[in-house]
Protein chains: 2
Amino acid sequence: MTREHPSNPVVLDATARQVLQVFSEKSTALFAPEAPVPDMDNCPVRDVLARVGDKWSLLILVTLSQKPHRFSALQRQVGDISKRMLTQSLRMLERDGLVSRQVFPTKPPSVEYALTALGEAALVPVAALLDWAAGAHDDIRAARRRYDAEAG
Amino acid sequence: MTREHPSNPVVLDATARQVLQVFSEKSTALFAPEAPVPDMDNCPVRDVLARVGDKWSLLILVTLSQKPHRFSALQRQVGDISKRMLTQSLRMLERDGLVSRQVFPTKPPSVEYALTALGEAALVPVAALLDWAAGAHDDIRAARRRYDAEAG
DNA sequence: GGGGTATGGTCTCAAATGTAGACCGACTGC
DNA sequence: GCAGTCGGTCTACATTTGAGACCATACCCC
(Lines give C-alpha, C1' and ligand atoms only; values in the text may rest on other atoms or scores of the structure.)
Protein backbone atom coordinates (compact mmCIF):
# COMPACT_ATOMS: atom_id res chain seq x y z
CA MET A 1 0.00 0.00 0.00
CA THR A 2 2.18 2.76 -1.23
CA ARG A 3 0.80 5.69 0.51
CA GLU A 4 1.62 9.12 -0.68
CA HIS A 5 -0.01 12.22 0.44
CA PRO A 6 -0.86 14.82 -2.18
CA SER A 7 2.78 15.52 -1.47
CA ASN A 8 3.08 19.22 -0.84
CA PRO A 9 4.48 20.79 -3.96
CA VAL A 10 6.39 23.09 -1.64
CA VAL A 11 4.75 26.44 -1.96
CA LEU A 12 6.48 27.90 1.06
CA ASP A 13 9.69 29.77 0.79
CA ALA A 14 12.56 29.27 3.18
CA THR A 15 11.54 32.07 5.50
CA ALA A 16 8.03 30.81 5.80
CA ARG A 17 9.24 27.32 6.56
CA GLN A 18 11.46 28.62 9.24
CA VAL A 19 8.67 30.56 10.87
CA LEU A 20 6.59 27.43 10.83
CA GLN A 21 9.40 25.38 12.24
CA VAL A 22 9.96 27.69 15.15
CA PHE A 23 6.26 27.89 15.68
CA SER A 24 5.83 24.17 15.63
CA GLU A 25 8.38 23.77 18.37
CA LYS A 26 6.70 26.41 20.43
CA SER A 27 3.25 25.09 19.87
CA THR A 28 4.19 21.85 21.49
CA ALA A 29 4.83 23.75 24.67
CA LEU A 30 1.81 25.97 24.23
CA PHE A 31 -0.50 23.03 24.04
CA ALA A 32 1.21 21.15 26.79
CA PRO A 33 -0.22 17.98 25.35
CA GLU A 34 1.38 15.63 27.81
CA ALA A 35 0.71 17.60 30.93
CA PRO A 36 -1.33 15.31 33.17
CA VAL A 37 -3.92 18.01 33.50
CA PRO A 38 -3.55 20.06 30.33
CA ASP A 39 -3.89 23.60 31.56
CA MET A 40 -6.69 24.51 29.21
CA ASP A 41 -7.76 27.56 31.14
CA ASN A 42 -4.35 29.10 31.10
CA CYS A 43 -3.23 28.13 27.65
CA PRO A 44 -2.47 31.18 25.52
CA VAL A 45 -3.50 29.38 22.38
CA ARG A 46 -6.89 28.47 23.71
CA ASP A 47 -7.22 31.86 25.24
CA VAL A 48 -6.58 33.84 22.13
CA LEU A 49 -8.68 31.41 20.17
CA ALA A 50 -11.59 32.12 22.43
CA ARG A 51 -11.33 35.75 21.41
CA VAL A 52 -10.25 35.50 17.81
CA GLY A 53 -12.42 32.46 17.40
CA ASP A 54 -15.41 34.58 18.18
CA LYS A 55 -17.10 35.29 14.91
CA TRP A 56 -17.70 38.91 15.80
CA SER A 57 -14.66 40.01 17.78
CA LEU A 58 -12.35 40.11 14.80
CA LEU A 59 -14.90 41.88 12.70
CA ILE A 60 -15.28 44.51 15.40
CA LEU A 61 -11.55 44.91 15.82
CA VAL A 62 -11.09 45.36 12.10
CA THR A 63 -13.90 47.88 11.94
CA LEU A 64 -12.43 49.85 14.81
CA SER A 65 -9.06 49.82 13.09
CA GLN A 66 -10.47 52.31 10.64
CA LYS A 67 -11.63 54.75 13.27
CA PRO A 68 -13.39 54.79 16.63
CA HIS A 69 -17.08 54.02 16.34
CA ARG A 70 -20.15 54.57 18.44
CA PHE A 71 -22.34 51.67 19.36
CA SER A 72 -24.92 52.01 16.66
CA ALA A 73 -22.41 53.03 14.01
CA LEU A 74 -20.55 49.86 14.82
CA GLN A 75 -23.67 47.82 14.43
CA ARG A 76 -24.49 49.40 11.10
CA GLN A 77 -20.96 48.88 9.86
CA VAL A 78 -20.63 45.23 10.82
CA GLY A 79 -24.01 44.70 9.31
CA ASP A 80 -25.60 41.53 10.54
CA ILE A 81 -24.68 41.48 14.19
CA SER A 82 -27.42 41.64 16.77
CA LYS A 83 -27.34 44.22 19.53
CA ARG A 84 -27.01 41.48 22.06
CA MET A 85 -23.90 39.99 20.50
CA LEU A 86 -22.40 43.38 19.82
CA THR A 87 -22.78 44.33 23.47
CA GLN A 88 -21.41 41.02 24.58
CA SER A 89 -18.43 41.05 22.24
CA LEU A 90 -17.56 44.62 23.11
CA ARG A 91 -17.63 43.80 26.81
CA MET A 92 -15.18 40.97 26.34
CA LEU A 93 -12.89 43.01 24.15
CA GLU A 94 -12.99 45.74 26.74
CA ARG A 95 -12.30 43.31 29.52
CA ASP A 96 -9.32 41.95 27.64
CA GLY A 97 -8.02 45.47 27.20
CA LEU A 98 -8.22 45.46 23.43
CA VAL A 99 -10.93 48.06 23.19
CA SER A 100 -11.73 51.13 25.25
CA ARG A 101 -15.20 52.36 26.03
CA GLN A 102 -15.88 56.01 26.66
CA VAL A 103 -19.25 57.45 27.59
CA PHE A 104 -20.14 61.01 26.68
CA PRO A 105 -22.90 62.44 28.85
CA THR A 106 -24.67 64.02 25.92
CA LYS A 107 -28.44 64.30 25.86
CA PRO A 108 -28.92 60.91 24.31
CA PRO A 109 -25.77 59.51 25.86
CA SER A 110 -23.28 58.43 23.28
CA VAL A 111 -20.60 55.83 23.72
CA GLU A 112 -17.44 55.62 21.74
CA TYR A 113 -15.43 52.49 21.28
CA ALA A 114 -11.83 52.63 20.17
CA LEU A 115 -8.85 50.34 19.93
CA THR A 116 -6.34 50.47 22.75
CA ALA A 117 -2.64 50.13 22.06
CA LEU A 118 -2.98 46.46 22.82
CA GLY A 119 -5.86 46.17 20.39
CA GLU A 120 -3.84 47.85 17.68
CA ALA A 121 -0.95 45.54 18.33
CA ALA A 122 -3.27 42.60 18.00
CA LEU A 123 -4.32 43.80 14.61
CA VAL A 124 -0.85 43.42 13.19
CA PRO A 125 -0.91 39.61 13.12
CA VAL A 126 -4.61 39.70 12.37
CA ALA A 127 -3.90 41.86 9.35
CA ALA A 128 -1.35 39.34 8.15
CA LEU A 129 -3.91 36.61 8.52
CA LEU A 130 -6.61 38.43 6.62
CA ASP A 131 -4.08 39.40 4.03
CA TRP A 132 -3.26 35.77 3.48
CA ALA A 133 -6.97 35.03 3.43
CA ALA A 134 -7.56 37.48 0.64
CA GLY A 135 -4.80 35.87 -1.39
CA ALA A 136 -5.83 32.29 -0.72
CA HIS A 137 -9.49 32.88 -1.28
CA ASP A 138 -9.36 31.76 -4.88
CA ASP A 139 -7.52 28.56 -4.00
CA ILE A 140 -10.02 27.81 -1.29
CA ARG A 141 -12.99 28.34 -3.52
CA ALA A 142 -11.39 26.17 -6.18
CA ALA A 143 -10.83 23.43 -3.61
CA ARG A 144 -14.46 23.68 -2.59
CA ARG A 145 -15.71 23.31 -6.11
CA ARG A 146 -13.50 20.27 -6.55
CA TYR A 147 -14.71 18.72 -3.32
CA ASP A 148 -18.36 19.41 -3.98
CA ALA A 149 -18.07 18.09 -7.50
CA GLU A 150 -16.77 14.68 -6.60
CA ALA A 151 -19.02 14.19 -3.62
CA GLY A 152 -22.22 16.15 -3.85
CA MET B 1 -16.18 63.51 34.28
CA THR B 2 -12.93 63.93 32.48
CA ARG B 3 -12.41 60.57 31.01
CA GLU B 4 -9.63 59.93 28.66
CA HIS B 5 -9.05 57.03 26.50
CA PRO B 6 -6.12 54.98 27.72
CA SER B 7 -4.57 57.05 24.99
CA ASN B 8 -2.37 54.65 23.15
CA PRO B 9 1.13 54.99 24.51
CA VAL B 10 2.27 53.98 21.05
CA VAL B 11 3.59 50.51 21.40
CA LEU B 12 3.80 49.86 17.70
CA ASP B 13 6.93 50.48 15.75
CA ALA B 14 6.94 52.15 12.37
CA THR B 15 6.82 48.91 10.41
CA ALA B 16 3.85 47.64 12.34
CA ARG B 17 2.00 50.89 11.82
CA GLN B 18 2.61 50.71 8.15
CA VAL B 19 1.31 47.18 7.94
CA LEU B 20 -1.78 48.32 9.79
CA GLN B 21 -2.18 51.31 7.56
CA VAL B 22 -2.05 49.28 4.38
CA PHE B 23 -4.34 46.74 5.92
CA SER B 24 -6.83 49.33 7.00
CA GLU B 25 -7.12 50.64 3.49
CA LYS B 26 -7.59 47.17 2.15
CA SER B 27 -10.07 46.19 4.78
CA THR B 28 -12.42 48.88 3.64
CA ALA B 29 -12.60 47.16 0.31
CA LEU B 30 -12.75 43.72 1.84
CA PHE B 31 -15.75 44.58 3.87
CA ALA B 32 -17.43 46.49 1.13
CA PRO B 33 -19.47 48.33 3.73
CA GLU B 34 -21.33 50.59 1.38
CA ALA B 35 -22.18 48.05 -1.25
CA PRO B 36 -25.96 48.04 -1.48
CA VAL B 37 -25.93 44.33 -0.91
CA PRO B 38 -22.73 43.69 0.98
CA ASP B 39 -21.41 40.54 -0.58
CA MET B 40 -21.21 38.63 2.66
CA ASP B 41 -21.02 35.24 1.04
CA ASN B 42 -18.11 36.16 -1.13
CA CYS B 43 -16.18 38.29 1.31
CA PRO B 44 -12.74 36.84 1.97
CA VAL B 45 -12.73 38.27 5.48
CA ARG B 46 -15.97 36.64 6.43
CA ASP B 47 -14.94 33.52 4.66
CA VAL B 48 -11.67 33.04 6.43
CA LEU B 49 -13.29 34.05 9.67
CA ALA B 50 -15.79 31.28 9.29
CA ARG B 51 -12.91 28.85 9.23
CA VAL B 52 -10.43 30.45 11.58
CA GLY B 53 -13.26 31.59 13.75
CA ASP B 54 -14.17 28.01 14.31
CA LYS B 55 -12.90 27.11 17.72
CA TRP B 56 -11.60 23.76 16.56
CA SER B 57 -10.25 24.34 13.07
CA LEU B 58 -7.23 26.27 14.23
CA LEU B 59 -6.49 23.79 16.96
CA ILE B 60 -6.60 20.98 14.43
CA LEU B 61 -4.41 22.85 11.98
CA VAL B 62 -1.85 23.54 14.65
CA THR B 63 -1.87 19.94 15.79
CA LEU B 64 -1.39 18.71 12.25
CA SER B 65 1.48 21.12 11.83
CA GLN B 66 3.52 18.85 14.05
CA LYS B 67 2.88 15.73 12.05
CA PRO B 68 0.03 13.93 10.28
CA HIS B 69 -2.42 12.39 12.68
CA ARG B 70 -5.04 9.69 12.53
CA PHE B 71 -8.56 10.42 13.57
CA SER B 72 -8.38 9.16 17.11
CA ALA B 73 -4.87 10.44 17.68
CA LEU B 74 -6.13 13.83 16.66
CA GLN B 75 -8.96 13.60 19.12
CA ARG B 76 -6.67 12.59 21.94
CA GLN B 77 -4.25 15.36 21.11
CA VAL B 78 -6.77 18.17 20.90
CA GLY B 79 -8.23 16.90 24.10
CA ASP B 80 -11.73 18.10 24.61
CA ILE B 81 -13.22 17.93 21.18
CA SER B 82 -16.10 15.56 20.55
CA LYS B 83 -16.02 13.09 17.70
CA ARG B 84 -18.88 14.91 16.14
CA MET B 85 -17.12 18.25 15.97
CA LEU B 86 -13.84 16.67 14.98
CA THR B 87 -15.48 14.96 12.03
CA GLN B 88 -17.28 18.10 11.06
CA SER B 89 -14.26 20.36 11.32
CA LEU B 90 -12.08 17.95 9.38
CA ARG B 91 -14.64 17.77 6.60
CA MET B 92 -14.66 21.52 6.24
CA LEU B 93 -10.89 21.78 6.32
CA GLU B 94 -10.70 19.06 3.72
CA ARG B 95 -13.30 20.78 1.60
CA ASP B 96 -11.36 24.01 1.78
CA GLY B 97 -8.24 22.17 0.69
CA LEU B 98 -6.30 22.84 3.87
CA VAL B 99 -6.16 19.25 5.00
CA SER B 100 -5.89 15.95 3.14
CA ARG B 101 -7.61 12.76 4.13
CA GLN B 102 -6.20 9.38 3.22
CA VAL B 103 -7.80 6.06 4.04
CA PHE B 104 -5.73 2.93 4.54
CA PRO B 105 -7.64 -0.31 4.06
CA THR B 106 -6.11 -1.92 7.10
CA LYS B 107 -8.06 -4.37 9.22
CA PRO B 108 -9.69 -1.71 11.28
CA PRO B 109 -9.47 0.94 8.58
CA SER B 110 -7.25 3.81 9.55
CA VAL B 111 -7.45 7.32 8.24
CA GLU B 112 -4.65 9.79 8.18
CA TYR B 113 -5.09 13.52 8.09
CA ALA B 114 -2.29 15.81 7.02
CA LEU B 115 -1.81 19.42 6.05
CA THR B 116 -1.80 20.24 2.38
CA ALA B 117 0.52 22.86 0.98
CA LEU B 118 -2.31 25.34 1.30
CA GLY B 119 -2.82 24.33 4.90
CA GLU B 120 0.84 24.84 5.66
CA ALA B 121 0.77 28.21 4.02
CA ALA B 122 -2.20 29.16 6.17
CA LEU B 123 -0.23 28.30 9.25
CA VAL B 124 2.32 30.99 8.58
CA PRO B 125 0.02 33.88 9.46
CA VAL B 126 -1.66 31.75 12.08
CA ALA B 127 1.69 31.15 13.69
CA ALA B 128 2.30 34.87 13.81
CA LEU B 129 -1.05 35.35 15.47
CA LEU B 130 -0.47 32.71 18.11
CA ASP B 131 3.01 34.03 18.63
CA TRP B 132 1.56 37.43 19.40
CA ALA B 133 -1.00 35.76 21.60
CA ALA B 134 1.67 34.12 23.68
CA GLY B 135 3.39 37.44 24.17
CA ALA B 136 0.26 39.42 24.92
CA HIS B 137 -1.20 36.88 27.25
CA ASP B 138 0.17 38.56 30.33
CA ASP B 139 -1.17 41.95 29.29
CA ILE B 140 -4.56 40.47 28.61
CA ARG B 141 -4.75 38.74 31.93
CA ALA B 142 -3.69 41.93 33.65
CA ALA B 143 -6.42 43.83 31.82
CA ARG B 144 -8.94 41.26 32.93
CA ARG B 145 -7.95 41.50 36.54
CA ARG B 146 -8.26 45.26 36.34
CA TYR B 147 -11.67 45.07 34.70
CA ASP B 148 -13.03 42.48 37.07
CA ALA B 149 -11.71 44.39 40.06
CA GLU B 150 -13.49 47.63 39.33
CA ALA B 151 -16.74 46.02 38.26
CA GLY B 152 -17.22 42.62 39.81
C1' DG C 1 -18.18 -18.92 21.52
C1' DG C 2 -17.66 -15.09 24.84
C1' DG C 3 -15.30 -10.83 26.32
C1' DG C 4 -12.13 -7.38 25.50
C1' DT C 5 -9.56 -4.15 22.34
C1' DA C 6 -9.38 -0.87 18.48
C1' DT C 7 -10.74 1.47 14.14
C1' DG C 8 -13.60 5.85 12.06
C1' DG C 9 -17.54 7.44 12.13
C1' DT C 10 -22.96 8.39 12.52
C1' DC C 11 -27.11 9.26 15.36
C1' DT C 12 -29.89 11.05 19.00
C1' DC C 13 -31.07 13.99 22.60
C1' DA C 14 -30.29 17.55 25.86
C1' DA C 15 -27.83 21.72 26.88
C1' DA C 16 -25.65 25.85 25.47
C1' DT C 17 -25.46 29.56 22.47
C1' DG C 18 -27.09 32.86 19.03
C1' DT C 19 -30.82 35.74 16.76
C1' DA C 20 -34.69 38.91 16.19
C1' DG C 21 -37.07 42.12 17.97
C1' DA C 22 -39.94 44.38 21.65
C1' DC C 23 -39.05 47.48 25.23
C1' DC C 24 -36.91 51.26 28.23
C1' DG C 25 -35.85 56.14 30.02
C1' DA C 26 -34.09 60.48 28.85
C1' DC C 27 -33.93 63.78 25.62
C1' DT C 28 -34.72 66.46 20.90
C1' DG C 29 -37.28 68.53 17.21
C1' DC C 30 -41.78 69.59 15.36
C1' DG D 1 -48.30 65.20 22.13
C1' DC D 2 -45.92 62.31 18.61
C1' DA D 3 -42.04 60.46 16.64
C1' DG D 4 -37.26 59.53 16.52
C1' DT D 5 -32.26 58.78 18.57
C1' DC D 6 -29.24 56.66 21.77
C1' DG D 7 -27.24 52.50 24.21
C1' DG D 8 -28.56 48.98 25.88
C1' DT D 9 -31.50 44.86 28.36
C1' DC D 10 -34.90 41.15 28.20
C1' DT D 11 -37.58 37.48 26.29
C1' DA D 12 -38.90 33.95 23.16
C1' DC D 13 -37.43 31.17 19.67
C1' DA D 14 -33.86 28.78 16.40
C1' DT D 15 -29.55 26.98 15.63
C1' DT D 16 -25.27 24.85 17.16
C1' DT D 17 -22.71 22.08 20.21
C1' DG D 18 -21.54 18.36 23.32
C1' DA D 19 -21.86 13.63 25.53
C1' DG D 20 -22.28 9.45 24.63
C1' DA D 21 -24.63 5.27 22.66
C1' DC D 22 -24.17 2.54 18.66
C1' DC D 23 -22.20 0.10 14.33
C1' DA D 24 -19.43 -3.33 11.49
C1' DT D 25 -15.16 -5.32 11.26
C1' DA D 26 -11.36 -7.82 12.91
C1' DC D 27 -7.91 -8.94 16.06
C1' DC D 28 -6.46 -11.36 20.78
C1' DC D 29 -7.14 -14.53 24.67
C1' DC D 30 -9.21 -18.45 26.78
Side-chain angles (χ1 to χ4, degrees), chain A residues 1 3 5 38 40-41 46-47 49-60 63-64 67-95 99-114 147 151-152, chain B residues 1 3 5 38 40-41 46-47 49-60 63-64 67-95 99-114 147 151-152:
Chain A
M1 190 58 40
R3 47 194 306 269
H5 271 287
M40 301 293 188
D41 295 340
R46 300 278 185 153
D47 213 359
L49 250 44
R51 194 75 30 248
V52 161
D54 175 17
K55 184 178 173 186
W56 301 118
S57 296
L58 265 192
L59 243 19
I60 292 173
T63 302
L64 289 181
K67 64 167 187 284
H69 281 69
R70 312 205 353 219
F71 186 86
S72 31
L74 210 40
Q75 190 180 13
R76 277 188 296 270
Q77 186 77 0
V78 173
D80 51 354
I81 186 174
S82 66
K83 284 182 168 194
R84 198 175 91 88
M85 288 315 290
L86 181 55
T87 304
Q88 202 169 104
S89 303
L90 283 171
R91 291 280 185 279
M92 305 212 83
L93 290 171
E94 191 195 352
R95 186 169 104 101
V99 156
S100 68
R101 175 176 184 274
Q102 193 178 18
V103 182
F104 298 102
T106 51
K107 328 1 158 38
S110 72
V111 180
E112 189 172 81
Y113 292 92
Y147 184 95
Chain B
M1 186 68 48
R3 285 188 58 206
H5 274 285
M40 300 293 187
D41 294 340
R46 300 277 184 155
D47 212 359
L49 250 43
R51 194 77 29 249
V52 161
D54 175 18
K55 186 178 173 187
W56 301 117
S57 296
L58 265 192
L59 242 21
I60 292 172
T63 302
L64 289 181
K67 64 168 188 287
H69 281 69
R70 311 205 353 217
F71 186 87
S72 31
L74 211 39
Q75 191 181 12
R76 278 190 294 271
Q77 186 77 1
V78 174
D80 51 355
I81 186 173
S82 66
K83 284 181 167 195
R84 191 177 167 284
M85 289 314 291
L86 182 55
T87 303
Q88 204 168 104
S89 304
L90 283 171
R91 291 279 185 280
M92 306 213 83
L93 290 171
E94 191 195 353
R95 185 169 106 102
V99 156
S100 69
R101 175 178 185 275
Q102 194 180 15
V103 182
F104 299 104
T106 50
K107 318 35 155 7
S110 73
V111 180
E112 190 173 80
Y113 292 93
Y147 185 95

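Given the structure is predicted, the values throughout are model-derived calculations rather than measurements. The analysis underlying the following values was restricted to heavy atoms, covering all of them including side chains, and did not include hydrogens, waters or symmetry mates.
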Hey, what are the protein-to-nucleotides 6-13 of chain C N/O distances that come in under 3.5 Å?
residue: C/dG8; atom: OP1; partner: B/F71; partner atom: N; Å: 3.4
residue: C/dG8; atom: OP2; partner: B/S72; partner atom: N; Å: 3.2
residue: C/dG8; atom: OP2; partner: B/S72; partner atom: OG; Å: 2.4
residue: C/dG9; atom: OP1; partner: B/R101; partner atom: NH2; Å: 2.2
residue: C/dG9; atom: OP2; partner: B/R101; partner atom: NH2; Å: 3.4
residue: C/dG9; atom: OP2; partner: B/Y113; partner atom: OH; Å: 2.7
residue: C/dG9; atom: N7; partner: B/K83; partner atom: NZ; Å: 3.0
residue: C/dG9; atom: O6; partner: B/K83; partner atom: NZ; Å: 2.6

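Across all non-hydrogen atoms, the minimal contact from B/T106 to B/S110 is OG1-N, 3.3 Å.
If you take CD of A/Q88 and P of C/dA16, they are 15 Å apart, rounded to a whole angstrom. Between A/D54 atom CG and C/dG18 atom C1' the separation is 11 Å, expressed in whole Å.
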Any chance you could lay out the side chain to side chain contact (heavy atoms under 4.5 Å, CB included) test for B/R70 and B/V111, step after step, and finish with the verdict?
CA-CA 5 Å; B/R70 311 205 353 217; B/V111 180; over 6 Å; no
Determine whether B/L90 and B/R101 satisfy the following criterion, side chain to side chain contact (heavy atoms under 4.5 Å, CB included), listing intermediate values before the conclusion.
CA-CA 9 Å; B/L90 283 171; B/R101 175 178 185 275; over 6 Å; no
Yes or no on side chain to side chain contact (heavy atoms under 4.5 Å, CB included) for A/L74 and A/L86, after CA distance, side-chain angles and deciding distance?
CA-CA 8 Å; A/L74 210 40; A/L86 181 55; 4.2 Å; yes
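Side-chain contact between B/Y113 and B/L93 is absent, with no heavy atoms from C-beta onward closer than 4.5 Å. Contact check for B/H69 versus B/L64: side-chain heavy atoms found under the 4.5 Å cut-off.
Boundaries of the chain A contact region on DNA chain D are D/dT5 to D/dT11, first to last in 5' to 3' order (nucleotide atom under 4.0 Å from a heavy atom).
The salt bridge (charged side-chain N to carboxylate O under 4.0 Å, His left out) analysis of residues 84-95 of chain B, with sequence neighbours excluded, yields the pairs A/D148-B/R95.
Considering CD1 of B/I60 and CE of B/M85, their distance stands at 8.5 Å, rounded to 0.5 Å.
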